[in-house]
Each structure stands twice: as C-alpha cells, then as structure tokens.
Student: 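Quick one: structure below, then a few questions.
Side-chain atoms are counted along with the backbone in the values below, which use heavy atoms only and exclude waters and symmetry mates.
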Amino acid sequence: MNGDTHLSIGELARRTGLTVKTVRSYSDRGIVPPAGRTPAGYRRYGPDAVARLQLVRTLRALGLDLSTIREAVARDTPPAELAAAHAEALAVQIRVLSVRRAVLMAAARRESTPEEMDLMHRLATLSEEERQALTREFHDEVFNGPGAETGMPGVRMSMTPQLSDNPAEEETEAWIELAELSLDPGFRTVMRRTAEHHVADRADRTGGLPGRGPEAVIRDHAAPARAAGVAPGSAQAGPVVDAVTAAYALLCGRPDDDALRQRLLARLDTVNDPRRERYLHLLAVVNRWPAPDQLSPELDWFSAALRARIPG
C-alpha cells in the first residue's frame with residue numbers, strides 16, 4: 001500500500017493525540033475500520049481516519065457512549081445531526097439532575113427522614129398527568145361542597161399549579177412543598193372551611209357582587225393604621241373596624257350587627273392560617289407569578305381589633 005496516503009496505527013495515534021491502545025480499541029469496535037492491511041497483516045488507515053477519530057474524541061469528551069458513536073458512524077450520520085440529538089439527551093439528563101438536586105437540597109434544609117425524602121422524590125418525579133390528578137383530587141375535596149358552583153371555578157383556576165416542563169430548582173422545591181401541603185388533611189380542612197365561608201357569604205346576595213373579598217378590604221384599611229402604630233384595642237381602631245364590617249355586610253347582603261361581626265371573625269380565624277399563605281407563596285413560585293402580598297400582619301391586627309369590639 002502507498003505509505004504516503006495510508007497511516008499505520010502508530011501514526012494515526014500521533015496525529016490524533018490518542019494512544020495506540022485507544023485507536024486499536026476503536027478499530028476493533030468498527031468505529032474506525034482500517035482501509036486495508038500490509039502483506040504482513042498490519043492495519044493501514046486512510047486519510048479520513050484522522051478526521052473521524054477527531055470527531056470520536058470530541059463526542060466522547062461530550063459524553064456520548066461508544067455504542068451510540070459506532071451506530072452513528074455506521075449510518076454515516078452528519079455530525080450536526082448527531083450533536084443536536086446528543087444536546088437534547090443532555091437536556092433531559094440535566095432536568096433529571098436538577099430534580100434530584102432540588103430534592104436533596106430540600107431534604108438537607110429540613111433534616112428529612114428517609115421516609116420524607118422518599119415522598120419528596122416521588123412528588124418531584126410525578127408526570128404532568130400525575131400532577132394534574134393530584135391537584136384535581138385536592139380541589140375536588142376542597143371546592144366541591146354545596147353551593148360551590150357559584151364562584152368556585154374561578155377560585156380553583158387561580159389555585160392551580162402549572163409546573164414548567166423545564167423548571168428551575170426553586171420551582172421544583174416549591175412544587176414539592178406545595179404538593180405536600182395539598183396532601184395534608186389538616187390543610188385540606190382549612191381550605192374547605194375557607195371555601196365554605198366564601199360560598200356562605202354570597203349565598204344571600206342578589207344582583208352583582210363586589211369584586212373584592214373582605215381580606216383585601218382589611219388590607220387597605222388596616223395597613224395604614226398598623227403602620228401608624230394604632231393599637232387594635234384603641235379608640236382610633238374603631239373607624240377601621242366599622243369601615244371593614246360595613247363592606248362585609250354589603251358583600252353578604254346582611255346588616256352590620258354583632259352576628260355579622262362574629263361571622264367575619266370566624267372567617268378570619270380560618271383564612272388566617274399560615275399554611276394558606278404559604279401555599280399561595282409556593283403557588284406563585286411554581287407558576288412564575290409575582291409574589292403575593294403578605295396579609296397575615298393586617299389580618300392579625302384587624303382580628304384583634306374586631307374581637308375587642310364584640311361583646312363577650
């Protein structure tokens with residue numbers, strides 16, 4: 001054979017920076033077959049073997065396994081197509097690793113038990129269909145009570161998590177905690193009672209409903225008073241209470257009396273559960289929404305002010 005155009009295995013190794021052992025291994029696997037042999041049986045490689053080995057070296061450095069490379073070479077797959085396929089495979093692997101890291105980070109922060117880690121991993125790796133089923137089951141228990149057909153569909157929609165196909169780690173962590181909350185029987189009870197208050201407050205109302213619930217009204221009135229240092233039991237808090245209960249009476253279509261104020265206080269005792277506010281925060285992270293306002297300071301202040309003005 002012409003030694004000027006065909007290379008020995010040693011020459012091929014020197015030109016590509018690989019070892020003779022590696023080149024021989026690739027040759028034995030059919031990745032870089034010899035163009036022929038000398039009369040003594042030594043392998044000789046054509047000029048294209050250099051470019052092929054350089055490609056193989058790059059693909060190996062990028063993480064492709066030899067079986068994939070051999071199959072691609074046998075089909076004479078264009079390098080661009082091979083790179084695109086591997087990039088997609090890496091994207092899947094990155095998503096898997098990101099989920100694993102999110103679970104481990106959450107477990108480390110919580111000092112989780114093995115059982116808790118197992119639950120977190122299962123929740124983090126649910127399929128989209130399984131996530132939807134979990135959310136649907138949670139919503140059915142919480143929002144399907146009597147009268148829930150009035151106003152509840154919109155509430156259900158506003159409380160539905162939609163995890164991205166490619167979530168950031170903090171979104172995966174938020175989903176895990178949100179899913180755990182949705183499985184908590186105590187939290188389900190709180191949310192079901194909140195929904196029942198929502199339905200009951202509108203049951204006797206006819207005509208158009210005010211667009212905002214009492215919590216938003218409380219925020220608007222209580223925040224300035226709290227910021228100004230007004231004590232809940234002081235005389236200055238009275239007009240704030242009166243303004244909110246008047247708006248609540250309009251919402252319910254009832255007179256502003258002691259019974260209505262007791263009713264509002266019962267609603268606030270349910271709504272002002274820290275787990276509910278945490279759920280809404282996690283929901284915003286998962287859905288990439290702006291962070292919701294923190295209402296608990298205003299609700300705490302107003303509940304104290306209202307309780308101080310209810311006889312007994």
Side-chain angles (χ1 to χ4, degrees), residues 119-120 122-164 167 171-172 174-219 247-254 259-260 262-290 292-296 299 303:
L119 174 61
M120 285 191 289
R122 286 189 285 112
L123 292 174
T125 54
L126 293 177
S127 67
E128 171 64 19
E129 183 177 352
E130 290 169 329
R131 290 196 300 269
Q132 290 179 358
L134 188 154
T135 300
R136 187 164 52 250
E137 191 269 335
F138 168 62
H139 284 177
D140 286 347
E141 180 171 340
V142 169
F143 297 122
N144 278 2
E149 66 279 359
T150 305
M152 285 293 102
V155 176
R156 287 181 64 134
M157 181 66 68
S158 70
M159 296 192 66
T160 298
Q162 296 288 346
L163 189 64
S164 164
E171 293 164 4
T172 300
W175 158 254
I176 293 170
E177 188 178 347
L178 184 148
E180 288 175 320
L181 269 176
S182 71
L183 292 170
D184 178 1
F187 178 65
R188 290 188 174 203
T189 298
V190 166
M191 294 305 296
R192 184 168 58 252
R193 288 175 179 168
T194 299
E196 289 168 354
H197 282 298
H198 179 87
V199 171
D201 286 347
R202 289 157 171 75
D204 300 327
R205 176 73 181 179
T206 59
L209 292 177
R212 303 192 309 154
E215 292 78 26
V217 178
I218 290 171
R219 177 194 60 210
Y248 185 59
L250 179 63
L251 171 69
C252 299
R254 293 172 177 268
L260 179 123
Q262 288 279 10
R263 176 173 174 159
L264 176 56
L265 187 59
R267 171 175 177 141
L268 295 180
D269 286 343
T270 300
V271 169
N272 196 21
D273 186 294
R275 290 171 295 183
R276 177 180 176 273
E277 192 159 73
R278 182 61 179 167
Y279 184 96
L280 295 176
H281 169 78
L282 296 168
L283 183 66
V285 174
V286 170
N287 289 357
R288 300 177 179 178
W289 292 344
D293 293 332
Q294 187 178 16
L295 288 179
S296 56
L299 296 184
S303 293

Student: With a 3.5 Å distance limit and no angle check, can you tell me whether S158 reaches the backbone of V155 through a side-chain donor-acceptor pair?
Tutor: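 Yes.
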Student: Given side chains that start at C-beta, do those of L134 and L123 come closer than 4.5 Å, heavy atoms only?
Tutor: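 When only atoms from C-beta onward are counted, L123 and L134 do touch, with a gap below 4.5 Å.
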Student: For the atom pair CD (E277) and CD (Q294), what is the distance rounded to the nearest 0.5 Å?
Tutor: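 Answer for the CD-CD pair, E277 versus Q294, is 5.0 Å.
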Student: Within the distance-only criterion (no hydrogens, no angle test), does the side chain of E171 pair as donor or acceptor with the backbone N or O of R288 below 3.5 angstrom?
Tutor: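 Checked: no pair found.
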Student: Looking only at heavy atoms, which two atoms of R254 and R263 are closest? And how far apart?
Tutor: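 Closest approach of R254 to R263, heavy atoms only: NE-NH1, 2.7 Å.
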Student: Which heavy atom of M120 sits nearest to which heavy atom of E180, and what is that distance?
Tutor: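 Smallest heavy-atom distance, with atoms named: CG-OE2, 3.4 Å.
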Student: For a quick test of reading the model, state the closest non-hydrogen atom pair linking W175 to P161 and the distance between them.
Tutor: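 In this case the closest contact between W175 and P161 is CZ3-CG, 3.8 Å.
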Student: R275 versus V190: any side-chain heavy-atom pair under 4.5 Å?
Tutor: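 Side chain of R275 against side chain of V190, heavy atoms only: contact under 4.5 Å found.
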Student: Please determine whether salt bridge (charged side-chain N to carboxylate O under 4.0 Å, His left out) holds for the pair E196 and R193, giving the CA-CA distance in whole Å, both sets of side-chain angles, and the decisive distance to 0.1 Å.
Tutor: CA-CA 5 Å; E196 289 168 354; R193 288 175 179 168; 5.8 Å; no
Student: Side-chain contact, heavy-atom cut-off 4.5 Å: Y248 with D201?
Tutor: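 In short, these two side chains touch, coming nearer than 4.5 Å.
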Student: When rounded to the nearest 0.5 angstrom, what distance separates OG in S182 from CD in E177?
Tutor: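 The CD atom of E177 is 11.5 Å from OG of S182, to the nearest 0.5 Å.
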Student: May I have the step-by-step check of salt bridge (charged side-chain N to carboxylate O under 4.0 Å, His left out) for E137 and R188, ending in yes or no?
Tutor: CA-CA 11 Å; E137 191 269 335; R188 290 188 174 203; 2.5 Å; yes
Student: State whether the side chain of H198 and the backbone N or O of G213 hold a donor-acceptor pair below 3.5 Å, judged by distance alone.
Tutor: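 No: the side chain of H198 does not pair with the backbone of G213.
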